[in-house]
**Q** 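Handing you this structure, nothing more for now.
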Amino acid sequence: MYANTASRPAPSALPVRADGPAHRPLPWLAAVAVVFVVVQLAVVVPGSTPSWDETVYLSQAGGSAPPAFFSAPRARGTSYLVAPVTVLTASVTFLRLYLAVLSATALVGALWVWRRLLPTPVLVCAGAFFAGLWPTLFYGSMAMPNLWCALGALAAAGWVARAVLGETGRAAPLGAGAAVAAVTLMRPADGMWLALPLLLVAVRRPKMLAALAAGLLAGCAPWIAEAFAYHGGPVARLHRASEIQGGLGWNIAVDDQAKALEGRTLCRPCDIPWKRPGTTVWWAVLPFLTAGGVLVARRTGRGTVARVTTVTAGFLAVPYLFLIGYAAPRFLLPAYAVLAVPVAECVVYLFTRVRRAGRPVGLAALALLVVGHLAVQLQVLSRVSASSHATGAEYAAVAGALHRAGVRPPCVVSGDQAVPIAYYAGCSSRQTTGHDASATPAEVRAGARRAATAVLVAGEGGQPPPYARAWPRVVLADTRGSGTYTGYLAVPATAVPSRP
């Protein structure tokens, strides 16, 4: 079946699929999506609580607390995505279920764009490879932008490939423009790095160029409007965003990304021992699988597809491998999603060739490698999920202690980890220093005369800011990650807090 695709397509037409009516991709893609959701519900969702970044996005869309400070690098796309749920309920479980099902559906939709370009085995293998990575599984039900950028990038690359291979009509430009707009709405920088290679690939197609440019501008519009309203303009906002991200410039973060794959959702700074190098084996093999997939694609008449995917994935990976000084596995999800196509080409070719050669030992060896890869991904996923759940439980413990001490909504929290703990406590977060600085010490002190206010200090030897040193000190909770949390509290007698 796979070998029959060797006929090279005419330059002006899409390649003719060799699957035939008996090999429809939708049931197989649906099966991948179901497994994707089931693994999330079994491993990630039980006991899950909002992470630090999630509390920022959720608080903008209703959530259970006032909006947290929205720093310069962030964009509103994730808040728009979760708004249908957060305006109705504060249930984290319902939010997780909504996002898990929605991300699985979006995965099928993004792969469906490629159905006229790839045989069913390659299409399904691409979906299984991407869906089986632990960052994909972990963030499938999280209110975070990176997975949605990945799925948008995969769809956009597919639409552009279809146009380059001769598809006429408005579907391809409209689809590509919409996908780029969605990615840019989630993360404007990712939208830029996605649009650049697609514009180069489609340089001779005016309709596609116009659609891509329009999608990029549409996705950036809220970010630009907010830049003028709150940050002094787009240039000032970009400058501040670069400061918060440690300064964009030549920074080789390849080793940091490799270390982070052992189960760190954020590695900043990443000067840590590398305890589990085995978790990076698949990552080290990825370039070779990609190169193999490109060779196979050229032999089977899909060289254009290979060119679109590899160029796009390369652009998407550049900023996170070479331009920032820290790492997070989720940053590379867009590159992984697009690279899934050539990787699947290579894997399916290897299995097909070994099977046709009648070598059961080779077939078993390939199957064992795939099973081993999936086992590693699930092991890391379980460890990351457990760590995330423990961190959320610590935030909840501190928030509960604040409630018992009289800090209840309406209230204000400042200090160590104030942003997530304030969300858990139903309070506003007000920082006087750092990336999320949104108030002066005088403003916090003045506000403490009207609403219950807590300044948090984590760990031994920590000191409160000068304005809070005379406030009553309360030991709140002992945590594994940050040690003992101490609160310096100002609960005015005129404040009448609601019951927890």
Side-chain angles (χ1 to χ4, degrees), residues 49-56 58-60 63-72 74 230 240 243-244 266 268-269 390-500:
T49 52
S51 66
W52 198 101
D53 286 291
E54 282 187 295
T55 63
V56 177
L58 293 174
S59 69
Q60 312 302 312
S64 58
F69 177 72
F70 210 70
S71 62
R74 299 187 186 276
Y230 303 110
R240 179 56 180 156
E243 287 181 343
I244 290 174
L266 181 64
R268 183 182 188 182
T391 300
E394 292 175 355
Y395 293 155
V398 178
L402 286 173
H403 284 176
R404 290 190 295 273
V407 180
R408 305 191 191 107
C411 47
V412 175
V413 178
S414 185
D416 291 329
Q417 300 296 313
V419 172
I421 292 172
Y423 181 85
Y424 278 70
C427 303
S428 298
S429 58
R430 293 290 182 268
Q431 298 287 56
T432 58
T433 60
H435 300 157
D436 295 306
S438 58
T440 65
E443 289 171 337
V444 174
R445 188 169 56 248
R449 291 193 287 268
R450 299 185 300 271
T453 302
V455 175
L456 303 179
V457 176
E460 299 297 330
Q463 295 294 323
Y467 68 85
R469 286 176 185 169
W471 293 359
R473 177 180 179 273
V474 176
V475 176
L476 298 171
D478 290 322
T479 65
R480 180 199 57 169
S482 301
T484 301
Y485 271 91
T486 302
Y488 291 81
L489 313 182
V491 182
T494 54
V496 183
S498 61
R499 292 293 179 185

**Q** Are Thr432 and Tyr467 close enough, and set up right, to give a side chain to side chain donor-acceptor pair (under 3.5 Å), and what steps lead you there?
**A** CA-CA 11 Å; Thr432 58; Tyr467 68 85; 4.7 Å; no
**Q** Could you tell me whether the side chain of Gln431 and the main chain of Ser414 form a donor-acceptor pair under 3.5 Å?
**A**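 Pair absent, no side-chain N/O of Gln431 close to backbone of Ser414.
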**Q** Side chains of Asp416 and Ser482: closer than 4.5 Å at any heavy-atom pair?
**A**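 Sidechains of Ser482 and Asp416: no contact.
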**Q** Do you know the tightest heavy-atom contact between Arg449 and Pro492?
**A**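 Distance-wise, the nearest heavy atoms are O-CB, 3.7 Å.
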**Q** Do Ser64 and Tyr423 have side-chain heavy atoms sitting under 4.5 Å apart?
**A**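 Result yes, sub-4.5 Å side-chain heavy-atom pair found.
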**Q** Determine the minimum heavy-atom distance between Val407 and Ala452, stating which atoms define it.
**A**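 For Val407 and Ala452, the tightest heavy-atom pair comes out as CA-CB, 4.0 Å.
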**Q** As an exercise, state the distance from CG of Leu266 to CH2 of Trp52, rounded to the nearest 0.5 Å.
**A**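 The distance works out to 10.5 Å.
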**Q** Under 4.5 Å between any side-chain heavy atoms of Arg473 and Thr486, yes or no?
**A**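 A side-chain contact exists here, since the closest heavy-atom pair is under 4.5 Å.
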**Q** Filter on disulfide (SG to SG under 2.5 Å), then keep only pairs touching residues 420-487, sequence neighbours left out; what's left?
**A**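 Checked against disulfide (SG to SG under 2.5 Å) - neighbours excluded - the pairs reaching residues 420-487 are Cys411-Cys427.
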**Q** Can you see which heavy atom on Trp471 is nearest to which on Leu489, and at what distance?
**A**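 Where Trp471 meets Leu489 most closely, the heavy atoms are CB-O, 3.4 Å.
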**Q** Taking the side chain as everything from C-beta on, heavy atoms only, tell me whether Tyr424 gets closer than 4.5 Å to Thr49.
**A**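 Touching, per the 4.5 Å side-chain cut-off.
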**Q** So, for Ala448 and Thr453, which heavy atoms are closest and what is the spacing to 0.1 Å?
**A**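 Result for this residue pair: CA-OG1, 3.3 Å.
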**Q** Heavy atoms, side chains only, cut-off 4.5 Å: are Leu456 and Leu402 in contact?
**A**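 Yes; the side chains approach each other to less than 4.5 Å.
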**Q** Which heavy-atom pair separates Ile244 from Arg268 by the least distance, and what is that distance?
**A**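 Minimum heavy-atom separation between Ile244 and Arg268: O-NH2, 2.7 Å.
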**Q** Kindly give the heavy-atom pair with the smallest separation between His435 and Ser71, and that separation in Å.
**A**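 Nearest pair, atom of His435 first, then Ser71: O-CB, 4.2 Å.
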**Q** Thinking salt bridges, do Arg430 and Asp436 make one under a 4.0 Å N-O criterion?
**A**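 Looking at Asp436 together with Arg430, the answer is no, because their closest N to O distance does not fall below 4.0 Å.
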**Q** With a 4.5 Å cut-off on side-chain heavy atoms, are Phe70 and Gln60 touching?
**A**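 A side-chain contact exists here, since the closest heavy-atom pair is under 4.5 Å.
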**Q** Is there side-chain contact between Val419 and Ile421, with at least one heavy-atom pair below 4.5 Å?
**A**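 No; the side chains remain at least 4.5 Å from each other.
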**Q** Has the side chain of Thr479 got a donor or acceptor atom that lies under 3.5 Å from a matching backbone atom of Glu394?
**A**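 Such a contact is absent between Thr479 side chain and Glu394 backbone.
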**Q** Run the side-chain contact (heavy atoms from CB on, under 4.5 Å) check on Val457 and Gln463 step by step: do they pass?
**A** CA-CA 7 Å; Val457 176; Gln463 295 294 323; over 6 Å; no
**Q** Can you confirm whether Gln417 sits close enough to Tyr395 that some side-chain heavy atom of one is under 4.5 Å from a side-chain heavy atom of the other?
**A**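 When only atoms from C-beta onward are counted, Tyr395 and Gln417 do touch, with a gap below 4.5 Å.
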